[in-house]
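Report on the following structure.
Here is the naming used below: chain letters follow the sequence lines, and residue numbers restart at 1 for every chain.
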Amino acid sequence: MLVEKSKRLGPMIFWLIAIAVTAIACAALLYAGRGRMVNVSAAETADANSQFRLVLAGIDADLAAGKIGAEEAVGAKGELAREMLRAKAEAAPQSTREMGRSTLFVGLGLVAALALGLYAFLGSPNLPAQPLAGRADVAAQTMDLGSAIARIEERLTTDPNDLRGWTVLAPALLEVGRFAEAANAYGRIIDLSEPTAQLLTDRAEALLLAADGAGSEEAMGLLRTAADMDPNHVQSRLYLGAELTRMGQYEDAIRFWREALDLAQGNEPWLTAARQGLAVAENDGFDTSAQDQAEMIRGMVGSLSTRLYADGGTVEEWSQLVRSYIVLGDLPNAQTAYDGAVAAYPAAFDRGELDSMALAAGLKLNGAEQ
Amino acid sequence: MAAGDCDAVSIELGHFALILACAIAAVSALGGLLFWRNGQRLAQVLAQASILQFVLVAVAFLAVVQAFVTSDFSLKLAVDNSHSLKPLIFKISGVWGNHEGSLLLWILILVLFGALVAAFGRRLPADLLNLVLGAQSLLVAAFGGFTLFTSNPFARMSPPPLEGTDLNPILQDIGLAIHPPLLYAGYVGFSICFSFAMAALISGRIDQAWARWVRPWTMLSWIFLTLGIAMGSYWAYYELGWGGWWFWDPVENASFMPWLAGTALLHSALVMEKRNALKIWTIFLSIITFSLSLLGTFLVRSGILTSVHTFASDPTRGLVILTMLAVLIGGAFLLFATRASTLRQGGLFAPISREGALILNNLFLATAVGAILVGTLYPLLLDALAGTTISVGAPFFNLTFGALMAPLLLVLPFGPLLPWKRADLVAAGQRLVGAAGLAIFLTILVSALGGISISLAPLGLLLGFWVTFGAFAELIERGRIGRIPVGESVRRLVGLPRTIWSTALGHMGLGLTVLGIVSVTAWETELVTTLNPGETTELSGYTLAFDSFEQIPGPNYMADTGHFTVTAPGGGTKQLAAERRTYVASGMPTTEAAIETYGLSQFYLQLGEPLDDTHVVRIWYKPYILLIWIGALVMAGAGVLSLTDRRLRVGAPQRAAKPAMEPAE
């Protein structure tokens, strides 16, 4: 109940605290600027020679205590006198202009604006802290995985050839992000059993994750072996395609992307990514999907509009055309296309979502004018 | 209720505190550096601002610590660098065992030193305080901004993952937990000297009061750095299992260079304080020392130069660091180049004088820094720019550094005996005759007993003994030992200023370290052999019996444990156990060396990789190796002694201070 409440109130309470903290800090600075210090006692208004008097007293004390001889004391006093004269000669005329109050207020305003503005940009005021102990829902599950790993590890220290133990351990290590150790565990499975394309790929995957985007020659070797071993193995080819594209070896990458796509049944979740990867490799690393998207849309839009104006089409096709022009920022053409669609489908009911999309983009609803 | 809400937003509150601290720092820097002439009131505001910065950054740091301790995986940093199963101490040390967290620690120490200046700097002239705190705030704003925009430790994860990813048992070591904060305290402490140097250059005023202020900060940082380096060296010695105590690797050099420059700065500031001379040297060394500290923390440690890949994977971060260092260091040197000539020349002195000796000291130390800098950066730069890998190894460093240090050590004992302004070398030499005789006698004795294994060993020994005994010459002179009754000598010695004791102890510590290095380098013995349980072998008169071998499973590793008995030449026996652990999940081996101490010498045993049915055993006998670290501890102790000297407690004179005008209310 309480947790729920604080979760809901989180951002508001947070901003209140943040503003209060800023206000306190500014108040402390303002207070200091008025000549008093909160934590530091005010600067002593000792006169210019107080320091020298202290040193002089120190010399006399040392002389009295017999720490220095009379001769040394005279020398030290002479030195002190010279230093005093030097200091006097050097003392530049101090500026009498004290910092004005308005300057201070400008500074404080700047501090508050900078802090609150930066936090609004960088912070996440709506995210509460979530200590593990408070996360009862997920904690049990995690602790189980953690302690299960520890238990298997303990068993494997005494029986390092326990294939089943390694088989359970490897994916668990991968799950908790201990990639290098997962790679080693897959290596042990491969040693203890027959290497299959899937096992080699699993080990390569762990190695690549452990390398954190920097690539791994060993992983590449394993993936090639896996792909050679099983001509129908998709995962190894996908990894090869992606890694080779990243490394700029586009010819090889194209081969593996194509092989993977040839093996596809047609409904795999990775199809889009693989097609895009292939396109990138075919363009020598030039990511057409991102860099040249506008150009592609333009080409597509051109042919679509030609067809629609000539032969007509479904309301969905008209909607797509309007949306494309809006995305391209080409509002006059969007309006023309919208007019075409309204002409083709005069009944508002038939146009469905098209009207609200057009309205939102600021196009004119000609149907309403008529 | 209120406490519960604070807990719920603690991470974001920490984030806000860091941002607010940076905002205050940015505005303080602007105010301090632009309006430093505006007197007392600005100084009070800046002092207050410095203390606020510290309080706020401390809150931010504690928020991260709390997130680590409570395993709050909605904080990305905790996910990457912690794990709920870690022991508490390593959860806490995990905070600074990574890039983002170590930056936060770095800033915390930076603002701590700024707050200390604000708290203890009440007697500083207002314009100097304005400039110093302004410069310090500039550093806070620069590094705080870098942290927030490129390496934010407060980055969040939503939804939070179930578990952190860092449970590397090999890195869970108490040495790794304490070593970085010590080093950082040393590195960052020199920022105060840097800020003081900037203040002197901008205002064009630098005097003895300035030096009196800079010296304790230099000393404090130098003590931390000395301890940090010594501790890192000992940690590498016992943990890495190879018995080496210094490797001249870039990270070690990165901490050693500021130490050498800081040592020179310490001596320069001394001359300035006493004689108002060597002003330009002091300013120059202040800038150099802090620049080297920055280089150490950000260039070498961040791996920008050591690995081209790191740079490529995150080019923004690397470029921002490089730009920032270039602006800060380049700007400081530009200021130095344009303003240094305007500083008024200080006290004059003859070439043969205490001042002259300290200039010689500065020259040798600065050249040594230059040599190490080239040796460290050249291969890294070559690799980064041309892709060519070359290795500048220990031989280069040993040769150049040794050749530079030998003459320095030779003239070192003369320094404290020379009077200021004009000195008589012969007179100083006469007082050192005893130390020289003793050093020569002991060198001949030790060489005769130990045998001459490398040709330069006697020279090294001679220098070590010479520095160690020479350090006492001034004490003997001041105490008139042997010339007046013992009781009076003791009274005189006790009454001596602590700085004289500190000088003697510091130089003696250096001599001890030199002796330890020479002894280990020249007379260390090593044996690599295969050994089976039941067999014995012998090294330097010590008999080693391999009693038994067993495999003990640990929680997540298998330990090959060898039990040994060492019999000293004198007859005493000791039981040793050396381990070689293989972590099951990673398959990585680590070695736990067995170290037995005999006096100042150590017997070091490492269990190597198992062969078919026998075991490789490496044994070292390291004579007087402990002197290396004892010497460093003595040096640090000497620094602490110097900090307690009355002279430093009096504080700097305050000149022409005007009473702050109170507006009538």
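- Heavy-atom pairs under 4.5 Å with chain B peak, among V21(A), V111(A), L114(A), at V111(A).
- The greatest number of non-hydrogen atom pairs below 4.5 Å with chain B, out of L122(A), T158(A), L156(A), is found for L122(A).
- Of the atoms belonging to I152(A), not a single heavy atom falls under 4.5 Å from chain B.
- A tilted orientation is assigned to the rings of F121(A) and F149(B), their planes being inclined by 30° to 60°.
- In this structure, the separation between OG1 on T157(A) and CD on Q551(B) is 10.5 Å, given to the nearest 0.5 Å.
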Could you go step by step and tell me if Q48(B) and Y31(A) meet the side chain to side chain donor-acceptor pair (under 3.5 Å) rule? CA-CA 9 Å; Q48(B) 183 71 283; Y31(A) 193 65; over 6 Å; no
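- From L34(B), atom CG reaches atom OG1 of T103(A) across 11.5 Å, with rounding to the nearest 0.5 Å.
- For a residue to count as touching a neighbouring chain, one of its non-hydrogen atoms must lie under 4.5 Å from one of that chain's; by this rule L173(A) touches chain B with the side chain only.
- Top candidate by heavy-atom pairs under 4.5 Å with chain B, chosen from L169(A), T22(A), L108(A), is T22(A).
- Here L13(B) contributes atom CG and Y119(A) contributes atom OH; the two are 8.5 Å apart, rounded to the nearest 0.5 Å.
- If you measure heavy-atom distances from A26(B) to chain A, the contacts under 4.5 Å come from the side chain alone.
- Note that OG1 of T70(B) is 10.5 Å distant from CD of Q130(A), once rounded to the nearest 0.5 Å.
- Separation of atoms CD (E12(B)) and CD1 (I17(A)) is listed at 11.5 Å; rounding is to 0.5 Å.
- When every heavy atom of A115(A) is checked against every heavy atom of I19(B), the shortest pair comes out as O-CG2, 3.4 Å.
- Note: L118(A) CG to L148(B) CG = 7.0 Å, rounded to the nearest 0.5 Å.
- Between A25(A) and L52(B), the shortest heavy-atom distance links the atoms O-CD1, 3.5 Å.
- Neither the backbone nor the side chain of F154(B) has a heavy atom closer than 4.5 Å to any heavy atom of chain A.
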